[in-house]
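Numbers restart at 1 for each chain; the letters A, B, ... are given by sequence-line order, proteins then strands. Treat the numbers as computed from the prediction; the structure is a model and nothing was measured.
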There are 2 protein chains.
Amino acid sequence: MPDSEYREIRKLDLFAHMADDNFTSLMRGAYVQNFPAQIELITEGEPSDFLHIVVSGSVDLFSTWNGRETSMATVRPISTFILAATIKDAPYLMSARTLEKSRIALIPSQDVRAIFGADSNFARAIVTELAQCYRSIIKAQKDLKLRTSLERLANYLLRQQRHAGGGAAFELDFEKRRLASVLGMTPENLSRAFKGLQPYGVSVTGTRISIDNQADLERFAKPNPLIDDFST
Amino acid sequence: MPDSEYREIRKLDLFAHMADDNFTSLMRGAYVQNFPAQIELITEGEPSDFLHIVVSGSVDLFSTWNGRETSMATVRPISTFILAATIKDAPYLMSARTLEKSRIALIPSQDVRAIFGADSNFARAIVTELAQCYRSIIKAQKDLKLRTSLERLANYLLRQQRHAGGGAAFELDFEKRRLASVLGMTPENLSRAFKGLQPYGVSVTGTRISIDNQADLERFAKPNPLIDDFST
DNA sequence: CGATAACTTGACATCCTTCAAGGGTTGTGG
DNA sequence: CCACAACCCTTGAAGGATGTCAAGTTATCG
């Protein structure tokens, strides 16, 4: 593993405060690999042999049932995924595929579990990370159960806008068909939802979004920190 | 706190393997209280001052937005709730109310966080518990996004049946209006969904369910361990 | 018993999905 | 550089699923 990546992983919240020895032994069994786009990294139901870390690129977490498929989340650098399965030594609940050319670090799950017991700073970091993941999904669940698809889209746009710096115009960070899946609707329905937001001053050109009437959109979307804030 | 309850809490996975001293000091700041039915124990958005443990009775976790409300989960003895908020020292994402007369133990959140750092067995237990909660919600999210309401009901009945011992007839463990909310539909729609399952051999009398054709129902419901199993 | 609340049922509106077709973009090979 | 294929996005039409409103029925509890 290149030294720059080693240091970058070390800086992750998950690893930042653990003892040097423990980090070194974690990394000893780890390896980093390049993957092209659209490669399935893991499949739901398989045993969780490795904790994965997205070093560069991006990864889609998705699930399937009875011929249907839905996108659950997107993982971007630098963060981990399937931490819970690693901890519990249980099968993956989601599949993962690269969205673009990506660099992924893999750490054997048993090493993670072993070091967890030996390094309380690492343990604390894992708990914090897990609690964060848990709360993120609770928010997603609230979003899905309490809002219509139009409201979900409106709030997504406001979140994305904030994430992009807060300007009136910004880019969607992934293709619409997958945005539709993340928001729990069909691509056709998303197209119509964008039109449905025009009266609130939203205009769309390709992947470029422009919010022409911030107040109107917010009045409609009613964003709520207990659903839409990333940090808390 | 009565000695019997003290020992019962001690036996919880979360506390079973921690050092005596640490458990004692955790319990020193804790107190137990009786609540009547329909009491709102916590409100989303408030700071998380206490880790809650349901000793007896049952508690509904729910969320609201824009005048709507949805039931997220039910907590039954003996387990904890809002662990993630306690760990992160962040506001509650869900509200909680008693469904019946209930006995609740409250442990100051800061004590939990303090002991976490001092007791690695406790830390490990918290991680396991959190990972469990995380995976439960992932399953709920998959249930919601990948299935129609009829399929969700069918699979819920199969889960409930198994939970009740596996016999052809069993009782719903809470009222239908809240079951509807848990399953993400309206009470009216739930009524119709029950009728929609009649062709698959499901009959309903009040809260009593009878599955007259197990194979038919399972063929329709297509239960999946990665969505419907409690344990993994 | 009432009285209140839960549940059911019907009619209707709305939302959403599905299917089909067309327009636009991207990437590739001639 | 162009032609073509493949894919994504959009749009329309139709049908299905779900939510809403209103009324009636049943259950529950004081």
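Ranked by how close their nearest DNA chain C nucleotide is to the 5' end, B/Arg192 and B/Arg177 are led by B/Arg177. For B/Glu188 and A/Glu188, each mapped to the nucleotide of DNA chain C holding its nearest heavy atom, the one lying further toward the 5' end belongs to B/Glu188.
For A/Glu5, the salt bridge (Lys or Arg N to Asp or Glu O under 4.0 Å) partners at least two apart in sequence or on another chain are A/Arg103. By the salt bridge (Lys or Arg N to Asp or Glu O under 4.0 Å) test, A/Arg177 is found to be paired with no residue, residues two or more places apart in sequence or in another chain being considered. Scored by the side chain to side chain contact (heavy atoms under 4.5 Å, CB included) test, B/Ser63 finds A/Lys142, A/Leu146, B/Glu44, B/Met72, B/Met94 as partners (sequence neighbours excluded). The side chain to side chain contact (heavy atoms under 4.5 Å, CB included) search around B/Ile78 returns B/Glu8, B/Leu12, B/Ile53, not counting sequence neighbours. Every residue meeting the side chain to side chain contact (heavy atoms under 4.5 Å, CB included) condition with A/Tyr200, not counting sequence neighbours, appears here in chain and number order: A/Leu197, A/Leu217, A/Phe220. Annotation: side chain to side chain contact (heavy atoms under 4.5 Å, CB included) contacts of A/Lys222 (sequence neighbours excluded): B/Trp65, B/Asn66.
A/Ser58 places no side-chain N or O within 3.5 Å of a backbone atom of A/Leu99 that could act as its donor or acceptor partner. In this structure, the side chain of B/Ser95 does not engage the main chain of B/Thr43 through any donor-acceptor pair within 3.5 Å. One N or O on the side chain of B/Thr98 and one on the backbone of B/Pro36 form a donor-acceptor pair closer than 3.5 Å. Within the 3.5 Å criterion, the main-chain N or O of B/Pro225 finds no donor-acceptor partner in the side chain of B/Lys139.
Sorted by first and then second residue, the pairs that involve residues 52-77 of chain B and meet salt bridge (Lys or Arg N to Asp or Glu O under 4.0 Å), not counting sequence neighbours, are A/Glu151-B/Arg68, B/Asp60-B/Arg97, B/Asp60-B/Arg178, B/Glu69-B/Arg97, B/Arg76-B/Asp173. The side-chain hydrogen bond (donor to acceptor under 3.5 Å, both in side chains) pairs that include a residue from residues 187-199 of chain A number zero, where partners must be two or more places apart or lie in different chains.
Scanning DNA chain D 5' to 3' for nucleotides with an atom closer than 4.0 angstrom to a non-hydrogen atom of chain A gives a first and last hit of D/dC8 to D/dA13. The span of DNA chain C lying next to chain A, judged by atoms under 4.0 Å from heavy atoms, is bounded 5' to 3' by C/dC16 to C/dC19.
Across all strands, B/Glu175 comes closer than 4.0 Å only to sugar-phosphate atoms, never to a base (heavy-atom distances).
Ring pair A/His52/A/Phe81 is tilted by interplanar angle, where 30° to 60° counts as tilted.
Interface residues of residues 142-154 of chain A facing DNA chain D, ordered by number: none; criterion, heavy-atom separation under 4.0 Å.
Comparing the helix axis at one end of the helix from C/dC1-D/dG30 to C/dG22-D/dC9 with that at the other, each defined from 5 consecutive pairs, gives an inter-axis angle of 40° (nearest 10°).
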